[in-house]
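Please read the structure below before turning to the comments.
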There are 2 protein chains.
Amino acid sequence: MKGEAVNVDISIDAAGSIAPDLCPVRPLLDRMADKWSLLVIARLAEARGRRLRFSELMRAVGGVSQRMLTTTLRNLERDGLVIREVFAEVPPRVEYELTERGKSFLIPVRTLIGWLEANWPDIQRNRELYDKNE
Amino acid sequence: MKGEAVNVDISIDAAGSIAPDLCPVRPLLDRMADKWSLLVIARLAEARGRRLRFSELMRAVGGVSQRMLTTTLRNLERDGLVIREVFAEVPPRVEYELTERGKSFLIPVRTLIGWLEANWPDIQRNRELYDKNE
DNA sequence: CCGGATCCGTCGCGATACTG
DNA sequence: CAGTATCGCGACGGATCCGG
């Protein structure tokens, strides 16, 4: 058991307002928000179709451990955002590439990041003020 | 110290592609992705200007503990997404309301959720397939 | 009624060592 | 080269008790 499945899902209704429980957004959101998913997707997107090898991706992302890169890529593959192709060679070669769905995911991501960039200075100032007044 | 500050920031450049280190998106992203922030914002947005009391918000969100609701609201207030007003009464009354910035945040959120809704069925099918083949 | 303080379990993540 | 296996820590979040 893990928390009795509270009301952690979010969705939007026809009117555009946010409502819970229409679709399980949370599992997805959790994954997009994990430490490496977005960075991996970003690096694959920059390649613009060129497929990246595991080690290549690891250098491009920077700071990620083998373990985490592997599980991140597995999760993205499981959701159909990334394609993984293994070549039966020695030494082994594995290439990764964004799927169409993976590419389309960049649209909401860019919207979000755009908002963050536009609002970050104000937010930062707000934080300083808040922290100063204890 | 906490992990040596690897390359965990993401941003977008003028061309619209995602690049690291332009602005610290990660601290924000972490917070938006925490367990309750989005739900709290959603409930406040539904109120459409009407301010919600703490207990009211707690029932509306559902499943959140007092502790987590408090810290979530504090964080949102710190970032200027929520306004908190305390009334010196007995029993105490505290009301919460979205700021303009808080409201504007709903735009990227809706974009994201829209994408999730549109893609969730496919993703789910993809997952089942992936899980079946071990 | 609205929180602060404390305790504690869980889990994401990093480090390291090993393998086909 | 591209992983898998194992260990351990630290942060997040839930439960509970207390306080103005």
Side-chain angles (χ1 to χ4, degrees), chain A residues 1-8 26-40 43-44 51-78 82-97 134, chain B residues 1-8 26-40 43-44 51-78 82-97 134:
Chain A
M1 221 76 44
K2 47 161 38 183
E4 277 308 305
V6 289
N7 182 10
V8 197
R26 179 52 55 178
L28 258 297
L29 203 58
D30 286 343
R31 296 267 333 301
M32 305 334 304
D34 70 20
K35 191 163 182 181
W36 301 109
S37 289
L38 269 185
L39 279 173
V40 167
R43 294 298 93 88
L44 286 174
R51 296 150 78 183
L52 296 182
R53 302 185 56 166
F54 185 87
S55 52
E56 215 172 357
L57 201 43
M58 190 156 138
R59 279 183 296 101
V61 169
V64 63
S65 64
Q66 281 197 345
R67 180 173 115 79
M68 287 316 296
L69 183 55
T70 301
T71 71
T72 300
L73 284 166
R74 288 296 192 284
N75 286 329
L76 294 177
E77 187 193 5
R78 191 171 102 101
V82 156
I83 290 182
R84 171 174 183 263
E85 183 164 5
V86 186
F87 297 86
E89 305 173 357
V90 181
R93 175 165 57 109
V94 182
E95 293 185 346
Y96 294 91
E97 180 186 7
E134 137 223 37
Chain B
M1 221 75 44
K2 46 162 39 183
E4 278 307 306
V6 288
N7 182 10
V8 196
R26 179 52 54 178
L28 258 296
L29 203 57
D30 286 343
R31 295 265 332 301
M32 305 333 305
D34 70 20
K35 191 164 179 179
W36 301 110
S37 289
L38 269 185
L39 279 173
V40 167
R43 293 297 94 87
L44 287 173
R51 296 150 78 184
L52 296 182
R53 302 186 56 168
F54 184 87
S55 52
E56 215 172 356
L57 201 42
M58 190 155 137
R59 278 184 296 101
V61 170
V64 63
S65 64
Q66 279 197 348
R67 178 172 117 80
M68 287 317 296
L69 183 55
T70 301
T71 71
T72 299
L73 285 166
R74 288 296 191 282
N75 286 329
L76 294 177
E77 188 194 3
R78 190 170 104 101
V82 156
I83 289 182
R84 172 175 183 261
E85 184 164 4
V86 186
F87 296 87
E89 305 173 357
V90 181
R93 177 165 56 108
V94 182
E95 293 186 346
Y96 294 91
E97 180 186 5
E134 136 228 32

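A note on names: the letters A, B, ... follow the listed sequences, proteins ahead of strands, and every chain is numbered from 1. Just so it is clear, the model here is predicted, and its values are computed rather than measured.
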Just N and O in the side chain of B:Arg93: are any of them under 4.0 Å from OP1 or OP2 of C:dG3?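 Indeed not, no polar side-chain atom of B:Arg93 lies that close.
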
Under 4.0 Å between a side-chain N or O of A:Arg84 and OP1 or OP2 of D:dG3?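 A:Arg84 to D:dG3 OP1/OP2: side-chain N or O found under 4.0 Å.
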
Selection residues 68-78 of chain B - residue pairs positive for salt bridge (Lys or Arg N to Asp or Glu O under 4.0 Å), sequence neighbours left out: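 As it turns out, the salt bridge (Lys or Arg N to Asp or Glu O under 4.0 Å) pairs with a partner in residues 68-78 of chain B, which skip direct neighbours, are A:Asp131-B:Arg78.
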
Checking all strands, does B:Tyr96 fall into the base, sugar-phosphate, or nothing category for heavy-atom contacts under 4.0 angstrom?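 Sugar-phosphate only.
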
Side-chain touch [X]/[Y], heavy atoms, less than 4.5 angstrom:
X: B:Glu85; Y: B:Arg51; answer: yes
X: B:Leu73; Y: B:Phe54; answer: yes
X: B:Leu44; Y: B:Glu97; answer: no

Quick one: does A:Arg67 reach the base of D:dG3 with a side-chain donor-acceptor pair under 3.5 Å?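 Result: no qualifying N/O pair found.
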
Measure the distance from [atom1] on [X] to [atom2] on [N] and round it to the nearest whole Å.
X: B:Asp34; N: C:dC11; atom1: CG; atom2: P; result: 18 Å
X: A:Phe54; N: D:dA2; atom1: CZ; atom2: C1'; result: 6 Å
X: B:Leu57; N: C:dC1; atom1: CG; atom2: C1'; result: 14 Å
X: B:Glu85; N: C:dC1; atom1: CD; atom2: C1'; result: 16 Å
X: A:Gln66; N: D:dT6; atom1: CD; atom2: C1'; result: 15 Å
X: B:Leu39; N: D:dG13; atom1: CG; atom2: C1'; result: 15 Å
X: B:Leu52; N: C:dC1; atom1: CG; atom2: P; result: 16 Å
X: A:Glu95; N: D:dG3; atom1: CD; atom2: P; result: 12 Å

Return whichever of A:Pro92 or A:Ser65 has its heavy-atom-nearest nucleotide of DNA chain C closer to the 5' end.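 First, find each residue's nearest nucleotide; the 5'-ward one identifies A:Ser65.
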
What is the minimum heavy-atom distance between B:Met32 and B:Leu38, and which atoms define it?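 Distance-wise, the nearest heavy atoms are O-CG, 3.7 Å.
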
Exercise: identify the closest heavy-atom pair between A:Ser37 and A:Leu76: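 Looking at all heavy atoms of both residues, the closest pair is OG-CD2, 4.1 Å.
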
When you measure from every atom of DNA chain D, which of residues 68-75 of chain A have a heavy atom less than 4.0 Å away?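 Of all residues in residues 68-75 of chain A, the ones placing a heavy atom under 4.0 Å from DNA chain D are A:Thr70, A:Arg74.
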
Looking at residues at least two apart in the chain, or sitting in another chain, which of them share a side chain to side chain contact (heavy atoms under 4.5 Å, CB included) with B:Asn75?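 With neighbours one apart ignored, the set is B:Arg31.
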
